[in-house]
Structure formats: structure tokens, C-alpha cells
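Below you'll find the structure, written out as C-alpha cells, and then a few comments.
Note on naming: letters A, B, ... go to the chains in the order of the sequence lines (proteins, then strands), and numbering restarts at 1 for each one.
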Number of protein chains: 2
Amino acid sequence: MSQLYFKSSPTCEYCALSRNCTENINNTSAMQNVQVLTHKIYHKGDTLFCAGDAFNALYIMRSGSAKASATTIEADEQIVDFYFPGDLLGTDGFAQKQHAHNVSFLETSSVCYISVNSVNALLTHSELGRQQLLSNMSQNTLNQQQQLMNVHKMTSIQRLTGFLLDLSHRLAQRGLSSQQFTLSMTRIDIANYLGMAIETVSRLLTSMQQQRLIQVQRRHITLVNIPEMRKICLSDLLGQTEGESDGMQHAMLSPTTDYPLSSIGGEGRFY
Amino acid sequence: MSQLYFKSSPTCEYCALSRNCTENINNTSAMQNVQVLTHKIYHKGDTLFCAGDAFNALYIMRSGSAKASATTIEADEQIVDFYFPGDLLGTDGFAQKQHAHNVSFLETSSVCYISVNSVNALLTHSELGRQQLLSNMSQNTLNQQQQLMNVHKMTSIQRLTGFLLDLSHRLAQRGLSSQQFTLSMTRIDIANYLGMAIETVSRLLTSMQQQRLIQVQRRHITLVNIPEMRKICLSDLLGQTEGESDGMQHAMLSPTTDYPLSSIGGEGRFY
DNA sequence: CGTGTACTTGAAAAGGTTCAAAGAGTGTGG
DNA sequence: CCACACTCTTTGAACCTTTTCAAGTACACG
């Protein structure tokens, strides 16, 4: 029926379907059945969809950020993912033809809307589209498994450090600073996502600041010693390196963001 | 090119692609480009594929059981899933075009082999096939998230109880007894999967037996008081109900396996 | 019948949570 | 412009669940 087409925008180059986009734009014969995607602005606290809502569309973040959460029977929430520009959203709906998550925005955000009809058309007609969707969904599962593994095998310091590095990496992929950023989520969100008490998050951030690993001021974070943070992720050596933090902090002056590269439309997580 | 076709077998009715199977069999015109799937026998400890192996095929368990594990950088393993007859396997390969897991068998097992070509053909030509695959993969992610949520919100007693109920439920769906079964995995596997020490698993099983919730003898498990086990999953009341277990154990005489129903090809987990 | 692997059990230790209280930034209305 | 209410955040101390370490038991296989 129709192929997907995104109006060009600064965000598009990071979009989960950008390669597909480009393919369509370059393929003039395909231009005839192109469907211009609509996008919409949401504000902090707005919900994109709730668990149980009919599965009508997939979404792509254009700007801003969002969180997806599931709800337990006892009605407490579990945040399962955060989304940033370019991320594909809503594939939780394929399982039961209704959404399984609540997605809400952490700040003013803009999202593209892709109706299920468009998705079906894409799957029917575009080999690349199929690949991208399957890859993305497969990667989602792997990311969740990685997350599970982290909870099982890593201490809370390692998890929090990994979380910050992951954020840094994801932002860097989108052309933003990998060393300085503003958290769009609260401590409560972070704690919930990482499966710890918010007091623990707070204590650990303070501790990391004291060790000159990060600089933290409310939501504003600066990663001061990324190499050291990476080491911590691999083996928890906090507590052993108490006194000698002064000799370390200068190593960060060469801000080589040499993260392992991966395509946006189904990227792995970095720890 | 070709559609998928499974030789009829007792297992097929529980297969992840059975509806698709039936569709093909009933559609005589589709029979011309049918591809008979091959299946192969594996033994305990054999590996189906390893992380890094080229992604050549999907697999469906016909009999037996298997486990999928990921490996951390520190080389310790994390079991991410167990598989039983009818389960679809190998979709971890879509993300990077190579497998991300190691899959090995827990007992003598038989699996169907579906080459990626067949999968592509299925996706191209069968709307139902697309639906099933996407649903299955979406459900995989949801299951992993559920698992993550369990680790964050539930005590170890709740997780282990939930694990046993989940096994019971999955076996029941396959026409086996939901009350008595033999674990094909070791305590080590269970502990690894649930993210606890094997000593904890051992202690909890003993404790549950003392409370007349289960009967356990090495790998052989009998669920004695399923209703009570369900309650424990919802709210951890072990420790409070120490002394009065005698009045409870008779409630299980009506073994109504009234689990919430769901289709095999993308089922949710039951806790 | 011995050896190895899987499993169980006990006691001490650790990591993280919970409870309690206080500090800091934000917005509202007088 | 300040005071008040509010939410988000930090910090301290006691507590608790689960882990770790250390033996010991039991079943399976040659």
C-alpha cells in the first residue's frame, strides 16, 4: 500500500527507521505511495498510551524523552525503558494486540505516528523494513535480558554507573554531549528502573561525586572520570579506591567518546 | 517461495506456528510450495547454537527442554529462558544477524529447523505468519520485563513459587500434569535463572515442603497446595503462616487448573 | 564400592532497605 | 516580595533478607 516517509528534520538522521526513510526518498518510484507521517507534541506528564489501550500504531520519538512502565497486580509500577529521540516505541502491542505498557513523557516531546496499517504495508513491501523491525524487537529483548543480568550480577554502584554510562552513550549517538547532560527523570524513576531504593540512588550519587567520578547538582550531571566509571562497571572497586581519587580526575581531559558503534534502529546497550 | 509445513505429530498441536501450519495444510493451493521442515534429535548437554554463531535459522522445540543463556564480560552465565515443546527459539539472532545466546539441551530433545529463507518467505507471504512472529517476539520482551519486575518487587520465596507455578502452567498447556513434574534443570540453573544463590533455592524448597506447599524429592516436584502458592506470589505471607499449615493442605483436592488461557504461539507468563 | 556431582544445612557477614527527619528548590497567593 | 505548601532530595541509624563460607549428605555412574 504505502511506504513510510518522514519529513526531513534534524532528528530524522537518528531515527529508528531512517535507513528505510532514505531508501524511500531515493527510490522515486516508491514515492507515489508514500505516506507522510504525522507528528504531535506532548508535554511533561502526558501519556502516549496506557496498558490495555488498543494497539493502533507505533511511534518514534523525535525530541524529548519518555518512560515506559508496566504495572504489577499490587498496582506498583515498574519502569521498563526510557526513550530518546530516534527510538521506536509501541512494539509491546504486537503480543496481545493491545499495549502492555504505560508510556508517559518526561518533558515536552514530539513523536511520529505510524499506524498499524502503515506498519503492515511496510512489512509486506519492504525487506529492509522487516529487517529493521525484527532487529529492533529482537534487540529490545536482548536489552531487557542485559538489564536482568545486571540486576543479578552487579552491585548497585555498578548498576547506577552503568546507567549513567548508558545514558551518556545514547545521548552521544544522538549528537549530544556525552559528558554533560540533564536527567529528564527523577531519582524515583531511576531507582525504580534500577530496582533499588531512592535513598540508595541518592547515597551512591553523593559517593560518586566525592570520588570525583561525577559532578551532580540536582538533575544536572557531569561525568568527570568516564574511564574509571567503566572500570567500576566491570568490577566493583568502589570502597577500595577511597583515598586516591585526586590522581585520577585529570585523565578525563581527553574526552574520547570511543563507544562501540551500533546502528540506531536496534542498538545494543553499552555498559 | 515456500510456506512452512510441519509433519503431523503429537507435538504439533502445541507448536508456536501451529495455526500457520493448519492454515497451510487446509489451503491446498499452498501445498505446492510447501517445505517439509526437518527435525533433529539432540541429547542432554548438546548445544543448538552459541553466541556469535551465524543466524541461519529459527527452531521449534518438539520434545524435551532447553535453556538459553547469555554470557557476561566476566564470563559468568545468565540463563534467560527455558524452552519446552512448542516454543519458538532463536529470534535473538535478528538483532545482529548472529545469535546472542547459547542454547543447550537439558535432556534428550527434538527440534524443528526453519531456515531464515523459510522465515523470510513466511513473512513475505503469510499475514498470519507475520502476526505470529511479531507477537511471539513482542511477548518475549514482555516476559523478560515481567522477570525483571519479579526480581525488583518480589522476595525470593515469591520468585521461586512463581517459577514453579509458571512451569506447572506451561506444562499444563502442553497436556502434561500441572501438579507433578520432573525438573529438567538443576538447582544451579534455577538459582541462576532466578538470580539467587543455590543455597537459597535449596533452603526455600525445604521450607516450602515443611509447610506442605510442595513435595520435593530431588528433581521430582509435586505441587501440593497451588492456591496457597498463588497467594504467596501475590503477597509474601511465608513466615506469618508458620504454625497453621495443617488446616490448609486439604484445599488442593480439587485440582482445578483454571489458569488464564493464552495461545501457545506467544503466551504470557503466569504467576 | 569408591568417586564425583548435585544437593542440603548452619552460622557469620554484607549489601541494601526501611524508617525517620531534615534540607533545597519551585510555585502560589496574600 | 515574602511566606507557605509542595515535591524532590539528602543523610543517618537500625534492621533484614540474602549471600558467602564451610561442612556434610545422598544419589548416580563406572
Side-chain angles (χ1 to χ4, degrees), chain A residues 43-45 67 76-79 106-107 150-163 182-211 214-221 232 235-240 242, chain B residues 43-45 67 76 78-79 106-107 150-164 182-211 214-221 232 235-240 242:
Chain A
H43 296 286
K44 185 177 180 171
K67 64 174 175 180
D76 42 17
E77 122 179 300
Q78 169 67 58
I79 296 173
L106 301 171
E107 59 190 313
N150 294 343
V151 177
H152 288 171
K153 313 269 187 198
M154 294 165 87
T155 65
S156 46
I157 303 123
Q158 291 179 302
R159 292 217 298 285
L160 184 58
T161 306
F163 174 73
T182 301
L183 298 173
S184 51
M185 63 291 284
T186 66
R187 300 279 192 279
I188 297 174
D189 286 338
I190 297 172
N192 183 300
Y193 178 66
L194 295 176
M196 44 180 101
I198 80 163
E199 292 94 331
T200 307
V201 173
S202 193
R203 271 185 259 271
L204 291 176
L205 286 176
T206 304
S207 159
M208 288 170 76
Q209 171 154 265
Q210 283 166 355
Q211 310 214 6
I214 62 171
Q215 190 72 32
V216 55
Q217 208 165 39
R218 295 187 49 74
R219 301 282 184 87
H220 196 76
I221 300 269
I232 286 171
S235 69
D236 176 7
L237 27 75
L238 211 73
Q240 289 133 281
E242 278 292 350
Chain B
H43 296 287
K44 185 176 180 172
K67 65 174 174 179
D76 42 17
Q78 170 67 58
I79 296 173
L106 301 171
E107 58 190 313
N150 294 342
V151 177
H152 288 172
K153 313 270 186 193
M154 293 164 87
T155 65
S156 46
I157 304 124
Q158 293 179 301
R159 292 216 300 285
L160 183 58
T161 306
F163 174 73
L164 292 177
T182 300
L183 298 173
S184 51
M185 64 288 286
T186 66
R187 300 279 193 277
I188 297 174
D189 287 338
I190 297 172
N192 183 300
Y193 179 66
L194 296 177
M196 44 181 102
I198 79 163
E199 292 95 329
T200 307
V201 173
S202 194
R203 271 185 259 272
L204 291 176
L205 286 175
T206 305
S207 159
M208 288 170 76
Q209 170 153 264
Q210 283 166 354
Q211 311 214 6
I214 62 172
Q215 190 71 34
V216 55
Q217 209 165 38
R218 295 187 48 73
R219 301 281 183 89
H220 197 76
I221 300 269
I232 286 171
S235 70
D236 175 6
L237 26 76
L238 211 73
Q240 288 134 281
E242 279 292 352

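- Toward the 5′ end of DNA chain C lies the nearest nucleotide of B/Leu205, the other residue of the pair A/Ala197 and B/Leu205 mapping further downstream.
- Contact annotation for B/Arg218: backbone-only contact, meaning every heavy-atom pair under 4.0 Å involves sugar-phosphate atoms and none involves a base.
- A distance-only check finds no donor-acceptor pair linking the side chain of A/Ser202 to the backbone of A/Ile198 [under 3.5 Å].
- Contact annotation for B/Ser202: base contact, defined as any heavy-atom pair under 4.0 Å involving a base atom.
- Contacts between chain B and DNA chain C, taken as any atom within less than 4.0 angstrom of a protein heavy atom, begin and end at C/dC7 to C/dA11.
- For the helix from C/dC1-D/dG30 to C/dG30-D/dC1, the rotation axes defined at the first and last 5 base pairs enclose an angle of 30°, given to the nearest 10°.
- Closest non-hydrogen pair, A/Val216 versus A/Arg187, comes out as CG2-NH2, 3.8 Å.
- Checked by atom type and distance alone, the side chain of B/Asn192 pairs as donor or acceptor with a backbone atom of B/Ile79 at under 3.5 Å.
- Scored by the side-chain contact (heavy atoms from CB on, under 4.5 Å) test, B/Thr186 finds B/Ile188, B/Asp189, B/Arg219 as partners (sequence neighbours excluded).
- With sequence neighbours excluded, the residues that form a side-chain contact (heavy atoms from CB on, under 4.5 Å) with B/Thr200 are B/Ser156, B/Met196, B/Ala197, B/Leu204.
- Legend: residues meeting side-chain contact (heavy atoms from CB on, under 4.5 Å) with B/Arg203, ordered by chain and number and at least two apart, are B/Glu199.
- With a 4.5 Å cut-off on side-chain heavy atoms, A/Lys67 and A/Met185 do not count as touching.
- Along DNA chain D, the stretch of nucleotides lying under 4.0 Å from any heavy atom of chain B spans, 5' to 3', D/dT18 to D/dC27.
- When heavy atoms are screened at a 4.0 angstrom cut-off, B/Thr200 is found touching base atoms of the nucleic acid.
- Between the side chain of B/Gln215 and the main chain of B/Gln209, no donor-acceptor pair closer than 3.5 Å is present.
- Scored by the side-chain hydrogen bond (donor to acceptor under 3.5 Å, both in side chains) test, B/Ser184 finds B/Ser65 as partners (sequence neighbours excluded).
- For the residue pair B/Met208 and B/Leu160, the shortest heavy atom distance occurs at SD-CD2, 4.3 Å.
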